[in-house]
Amino acid sequence: MTTSTMTEKTVHVGGKDIFYAETGEGPVAVLLHGGGPGASGVSNYSRNIDALASAFRVIVPDLPGYGRSTKGVDQSDPFGYLADAIRDLLDDIGVDKAHLLGNSYGGACALRLALDTPGRVGRMVLMGPGGIGTTRGLPTPGLRSLLAYYGGDGPSRGKLETFIRDYLVFDGAAVPNAVIDQRFQSSIDPAVVADPPLRRPSGRNALETLWRMDFTRDKRLSSLQTPTLVVWGAADKVNRPSGGRMLADTMPNCDLLQVSSAGHWVQWERAEFFNDVTRTFLSA
């Protein structure tokens with residue numbers, strides 16, 4: 001858990017409230033959480049914030065649709081919507097340029113922000129980012145479990161525990177019950193249940209949306225100069241580790257690190273290792 005002095009604030013930008021926590025001093029590092037049910041910034045990075053705050057000004061927002069931020073996401077262009085919200089947040093607090101760390105959904109947000117406005121991003125660390133090769137294969141079992149959470153008979157603690165223990169991490173027994181309890185309570189916020197932030201594209205423009213959400217279809221990727229470290233758990237069951245190679249083969253300044261004994265939540269599962277590698281990369 002975090003021990004540093006942390007401030008919390010909510011700003012109103014782009015017609016929505018964005019909550020964020022902040023601690024530390026130095027170059028700005030923005031930590032963008034994943035999109036699983038009940039996710040939020042501080043909870044997803046509980047094992048990283050203190051370590052990174054020793055060298056950086058760490059900003060940890062709740063993405064739109066999650067935590068204490070405004071619920072709802074533009075389903076016609078979700079990654080663009082998230083990127084715009086985080087850019088608006090940085091504008092509001094006077095940050096011209098920041099390092100971005102993004103896990104899964106947050107990794108997709110970081111990558112889209114860098115593609116749209118590369119001058120705003122220093123370096124990126126992407127952990128099992130979403131939107132990599134998603135139109136080139138069927139959804140993984142982990143992604144199917146995630147997307148089914150609000151469907152059928154609706155959310156339940158049992159469904160969430162299955163997703164976390166069987167799909168999110170390498171060692172399901174290592175996740176405390178308290179983590180699952182906290183996430184379950186967040187996941188059943190009526191505003192989230194009514195409008196889940198992460199779901200399959202549907203409707204007449206679903207194919208167009210799917211295409212837009214796959215960064216390997218974006219011609220800008222091959223010319224994005226942002227120094228990037230892709231960190232992928234070797235046992236990731238949500239986003240395929242082969243996505244790391246796709247990014248490394250396409251992006252000109254992309255290093256790839258595959259992490260053993262880790263699934264989709266590398267920053268939590270291999271926290272000490274992740275913190276050391278990330279501090280070194282961002283300080284280069």
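Because the structure is predicted, anything quoted here is derived from the model rather than measured.
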Please step through side-chain contact (heavy atoms from CB on, under 4.5 Å) for the pair W265 and N44, ending with a clear verdict. CA-CA 9 Å; W265 219 14; N44 274 208; 3.9 Å; yes

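- Annotation for Y167 and P141: closest pair CE2-CB, 3.7 Å, computed over non-hydrogen atoms.
- Of all heavy-atom pairs between P61 and L32, the closest is CG-CD2, 3.8 Å.
- No continuous path of hydrophobic side-chain contacts links I59 to M6 [ILVMFWY only; heavy atoms under 4.5 Å].
- Panel note: side chain N253, backbone T226; no donor-acceptor pair is recorded below 3.5 Å.
- Taken from CD1 in I180 to CZ in F163, the straight-line distance is 11.0 Å, to the nearest 0.5 Å.
- At a threshold of 4.5 Å between non-hydrogen side-chain atoms, the residues P129 and W232 count as touching.
- Remark: side-chain polar atoms of K159 are paired, donor with acceptor, to backbone N or O of A148 under 3.5 angstrom.
- Under the 4.5 Å side-chain heavy-atom criterion for ILVMFWY residues, a single connected hydrophobic cluster contains both F215 and L143.
- Follow the hydrophobic side-chain contacts under 4.5 Å out from M127 and you never reach L224; the two are in separate clusters.
- Shown here for G34 and A39, the closest heavy-atom pair between the two residues is O-CB, 3.4 Å.
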Begin from the C-alpha positions of V125 and F274 and carry the test side-chain contact (heavy atoms from CB on, under 4.5 Å) through to its verdict. CA-CA 10 Å; V125 180; F274 173 83; 4.1 Å; yes

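- Interatomic distance, Y20 OH to T7 OG1, rounded to the nearest 0.5 Å: 6.5 Å.
- Residues D17 and R68 are not paired through a salt bridge, judged by the lack of any N-O separation under 4.0 Å between the basic side chain and the carboxylate.
- Without hydrogens or angle criteria, T140 side chain to K237 main chain gives a donor-acceptor distance under 3.5 Å.
- By the 4.5 Å heavy-atom criterion applied to side chains, L31 and L52 are counted as neighbours.
- Between the Y66 side chain and the S186 main chain, no donor and acceptor come within less than 3.5 Å of each other.
- Between R57 and G26, the shortest heavy-atom distance links the atoms CB-O, 3.4 Å.
- Residues M251 and L229 do not share a hydrophobic cluster, clusters being chains of Ile/Leu/Val/Met/Phe/Trp/Tyr side chains in contact below 4.5 Å.
- Once rounded to the nearest 0.5 Å, the distance linking CZ of F56 with NE2 of H99 reads 5.5 Å.
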Does S260 form a side-chain contact (heavy atoms from CB on, under 4.5 Å) with F170? I'd like the steps, not just the answer. CA-CA 9 Å; S260 66; F170 175 75; over 6 Å; no

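- Judged purely by atom type and a 3.5 angstrom limit, R240 has no side-chain atom pairing as donor or acceptor with the backbone of G133.
- The side-chain tip of R123 points at the ring of F281 from less than 6.0 angstrom away and within 45° of straight on.
- R157 has its side chain within reach of D181: a pair of non-hydrogen atoms, C-beta onward, lies under 4.5 Å apart.
- With a 4.5 Å cut-off on side-chain heavy atoms, Q267 and R47 do not count as touching.
- Two residues are said to be in side-chain contact when any heavy atoms from C-beta on lie closer than 4.5 Å; D88 and I18 fail this criterion.
- Closest non-hydrogen pair, P197 versus Y105, comes out as O-OH, 3.1 Å.
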For salt bridge (Lys or Arg N to Asp or Glu O under 4.0 Å), just list the numbers for R120 and D91, CA-CA rounded to whole Å, side-chain angles, deciding distance to a tenth of an Å, and then say yes or no. CA-CA 10 Å; R120 303 297 299 272; D91 288 344; 2.8 Å; yes

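- Taking OG1 from T70 and NE2 from H12, the interatomic distance works out to 7.0 Å, rounded to the nearest 0.5 Å.
- Looking at N239 and H264, their side chains come closer than 4.5 Å, going by heavy atoms from C-beta outward.
- Cluster annotation: V231 and Y45 are assigned to the same hydrophobic cluster (Ile/Leu/Val/Met/Phe/Trp/Tyr, side-chain heavy-atom contacts under 4.5 Å, transitive).
- A donor-acceptor contact shorter than 3.5 Å is absent between the side chain of T250 and the backbone of S222.
- Between the CG atom in L89 and the CZ atom in F19 there is a gap of 11.0 Å [rounded to 0.5 Å].
- The environment of E8 atom CD is dense: over 12 non-hydrogen atoms of other residues, nucleotides or ligands sit within 6.0 angstrom.
- The closest donor-acceptor contact from the side chain of H33 to the backbone of L63 lies under 3.5 Å.
- Across all non-hydrogen atoms, the minimal contact from D62 to S40 is OD1-CB, 3.5 Å.
- Distance alone, capped at 3.5 Å, places no donor-acceptor pair between the K71 side chain and the D195 backbone.
- Residues R112 and D77 are paired through a salt bridge, judged by an N-O separation under 4.0 Å between the basic side chain and the carboxylate.
- With hydrogens and angles ignored, the 3.5 Å screen pairs a side-chain donor or acceptor of E269 with a backbone N or O of G263.
- With contacts defined as side-chain heavy-atom distances shorter than 4.5 Å, the pair L282/P27 does not qualify.
- Between the side chain of R217 and the main chain of D214, no donor-acceptor pair closer than 3.5 Å is present.
- Put simply, CG on D236 and OG on S104 are 8.0 Å apart, with the number rounded to the nearest 0.5 Å.
- Proximity of W268 to V175: side-chain heavy atoms (C-beta onward) are separated by under 4.5 Å at one or more points.
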Let's go through T228 and L126 carefully: what are the C-alpha distance in whole Å and the side-chain angles of both, what is the deciding distance for side-chain contact (heavy atoms from CB on, under 4.5 Å) to 0.1 Å, and is it a yes or a no? CA-CA 7 Å; T228 300; L126 306 176; 3.9 Å; yes

